[in-house]
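Just below is one structure, and these are the notes that go with it.
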Amino acid sequence: MPELPEVETIRRTLVGHVAGRTIETLEVRWPGALLGWQDSEFTDIVQGQMIEGIGRRGKYLLIALKQGWTLIAHMRMTGKLLYYAQPEPAEKHTHVVFRFDQGELHFNDVRKFGRILAVPTDEQMLIPSLARLGPEPLEAGFTPTVLYQRLAGKKRPIKAALLDQDVVAGLGNIYTDEALFLARLNPSRAAQSLNEKEIQVLHGAIVTVLQAGIEAQGTSFRDYRDANGEKGAFQEALQVYGRANEPCQVCGRPLTKSRLSGRTTVFCPECQH
DNA sequence: CCTTATGCCTGAATGC
DNA sequence: TGCATTCAGGCATAAG
């Protein structure tokens with residue numbers, strides 16, 4: 001499921017193809033994928049506009065259009081943005097097709113959870129879910145001190161806090177479990193119970209797993225593909241996610257699967273305290 | 001402040 | 001084999 005490293009990889013694999021391209025036509029095959037406007041209005045907004053660049057905030061992809069509009073895309077679980085240099089028939093579950101003066105972009109989502117929103121660029125920050133987002137974990141503003149402050153006083157399990165996009169932007173179930181393993185922290189620990197040293201280690205672990213995820217071009221556990229339709233490789237490096245009952249890479253004892261804050265959670269009860 | 005439940009979805013995996 | 005159930009989960013929202 002696209003988390004920060006996957007969305008960043010989509011951004012990187014897409015920008016070279018579409019920056020400077022003009023959206024000539026929009027084909028809306030399932031209007032439910034579009035938020036904020038009727039599909040005819042959406043079409044009027046984007047047709048004829050040139051893509052200036054693509055940014056990212058947390059798990060949101062921000063596609064900046066020339067005439068002051070931005071497309072905000074969220075893949076949720078199974079959303080994909082697939083670029084084709086040549087015209088390509090829409091595959092099953094393709095909900096929106098952007099056709100450029102050269103090439104086309106397909107928004108495809110089996111589960112139909114993903115959404116694309118069009119908003120005037122200068123009103124982006126009025127979108128509550130974007131406005132509330134916590135710090136970007138790979139930018140300079142994300143320091144151990146900032147993380148400490150953001151977790152202070154929180155009684156919720158550290159895992160629940162890290163999954164909360166308002167605490168830190170971009171972590172999902174995969175990278176949260178991996179970061180907690182790397183930091184040797186039990187996912188059930190109350191967030192406020194972590195001391196400064198533990199927070200410092202956790203901060204380093206978050207940065208490390210996210211950077212490693214990006215370097216591996218994401219985790220293709222099931223559905224994830226980049227804009228070229230390519231899989232990532234980080235699934236091969238996962239230490240705990242998807243490895244319930246397998247031996248811990250550190251101590252050899254079986255990894256435990258439980259349910260925490262409604263999410264499947266895998267961790268090593270021996271190594272993670 | 002926190003939790004759990006629900007809805008949104010389809011396909012793969014599992015159960016009988 | 002086949003039919004039914006469970007599970008995967010990000011996020012908004014509601015309720016306790």
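These values consider heavy atoms only, across backbone and side chains, with no hydrogens, waters or symmetry-generated copies. Order of the sequence lines fixes the chain letters, A, B, ..., with proteins taken first and strands second; residue numbering starts at 1 for each chain.
- Taking every heavy atom of residues 208-215 of chain A and every atom of DNA chain C, no pair lies under 4.0 Å.
- The CG atom of A:L163 sits 15 Å away from the C1' atom of B:dC2 (whole-angstrom rounding).
- Salt-bridge check for A:D164 with A:R156: passed, with a basic side-chain N closer than 4.0 Å to an acidic carboxylate O.
- Counting any heavy atom pair closer than 4.0 Å across all strands shown, A:P128 reaches no nucleic acid atom.
- Among the atoms of the strands shown, only primed sugar atoms or phosphate atoms (P, OP1, OP2) are found under 4.0 Å from some heavy atom of A:M1.
- Nearest-nucleotide positions on DNA chain B place A:R156 closer to the 5' end than the other of A:R222 and A:R156.
- In the model, A:E88 has no side-chain atom that pairs as donor or acceptor with a side-chain atom of A:H106 under 3.5 Å.
- The side chain to side chain contact (heavy atoms under 4.5 Å, CB included) test applied to A:N195 returns A:K197, A:E198, not counting sequence neighbours.
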Name the pairs: protein N/O against N/O of nucleotides 7-11 of chain B, kept only if under 3.5 Å.
| from | atom 1 | to | atom 2 | distance (Å) |
| --- | --- | --- | --- | --- |
| B:dC9 | O4' | A:R111 | O | 3.2 |
| B:dC9 | O2 | A:R111 | NE | 2.7 |
| B:dG11 | OP1 | A:K92 | NZ | 3.3 |
| B:dG11 | OP1 | A:H93 | NE2 | 2.9 |

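- Residues meeting the ring-ring contact (aromatic ring centres under 6.0 Å, His included) test with A:Y83, sequence neighbours left out: A:H17.
- A:D177 places no side-chain N or O within 3.5 Å of a backbone atom of A:V240 that could act as its donor or acceptor partner.
- Nucleotides of DNA chain C with any atom under 4.0 Å from a heavy atom of chain A span, from 5' to 3', C:dA8 to C:dA12.
- Comparing the start and finish of the helix from B:dC2-C:dG16 to B:dC16-C:dG2, five pairs each, the helix axis swings through 60°, to the nearest 10 degrees.
- Considering only residues two or more places apart in sequence or on other chains, A:P247 meets the side chain to side chain contact (heavy atoms under 4.5 Å, CB included) condition with none of them.
- In the region residues 226-247 of chain A, proximity to DNA chain C at under 4.0 angstrom, judged on heavy atoms, holds for A:Y241.
- Between the CZ atom of A:R263 and the C1' atom of B:dT6 there is a distance of 14 Å, rounded to whole Å.
- Two residues are said to be in side-chain contact when any heavy atoms from C-beta on lie closer than 4.5 Å; A:I206 and A:F142 meet this criterion.
- Checked by atom type, the side-chain pair A:S129/A:Y60 shows a donor-acceptor distance below 3.5 Å.
- A search for side chain to side chain contact (heavy atoms under 4.5 Å, CB included) contacts involving A:E27 returns A:R29, A:V97, A:R99, not counting sequence neighbours.
- One interatomic measurement links the two molecules: CZ of A:R150 to C1' of B:dC1, which rounds to 16 Å at whole-angstrom precision.
- With hydrogens and angles disregarded, no donor-acceptor distance shorter than 3.5 Å links the side chain of A:E52 to the backbone of A:A64.
- Sorted by first and then second residue, the side-chain hydrogen bond (donor to acceptor under 3.5 Å, both in side chains) pairs with a member in residues 133-145 of chain A read A:R56-A:E136, A:R57-A:E136; sequence neighbours excluded.
- Using a 4.0 Å heavy-atom criterion, one finds that A:S129 contacts the sugar-phosphate atoms exclusively.
- The side-chain hydrogen bond (donor to acceptor under 3.5 Å, both in side chains) pairs that include a residue from residues 262-273 of chain A are A:K159-A:T265, A:R253-A:E270, A:R259-A:T264, where partners are two or more places apart or lie in different chains.
- Without hydrogens or angle criteria, A:E8 side chain to A:I214 main chain gives no donor-acceptor distance under 3.5 Å.
- Side-chain contact between A:Y175 and A:E6 is present, with at least one heavy-atom pair separated by less than 4.5 Å.
- A:K155 pairs by the side chain to side chain contact (heavy atoms under 4.5 Å, CB included) definition with A:Q192, not counting sequence neighbours.
- Counting only distance, with no hydrogens or angles, the side chain of A:Q165 and the backbone of A:G170 share a donor-acceptor pair below 3.5 Å.
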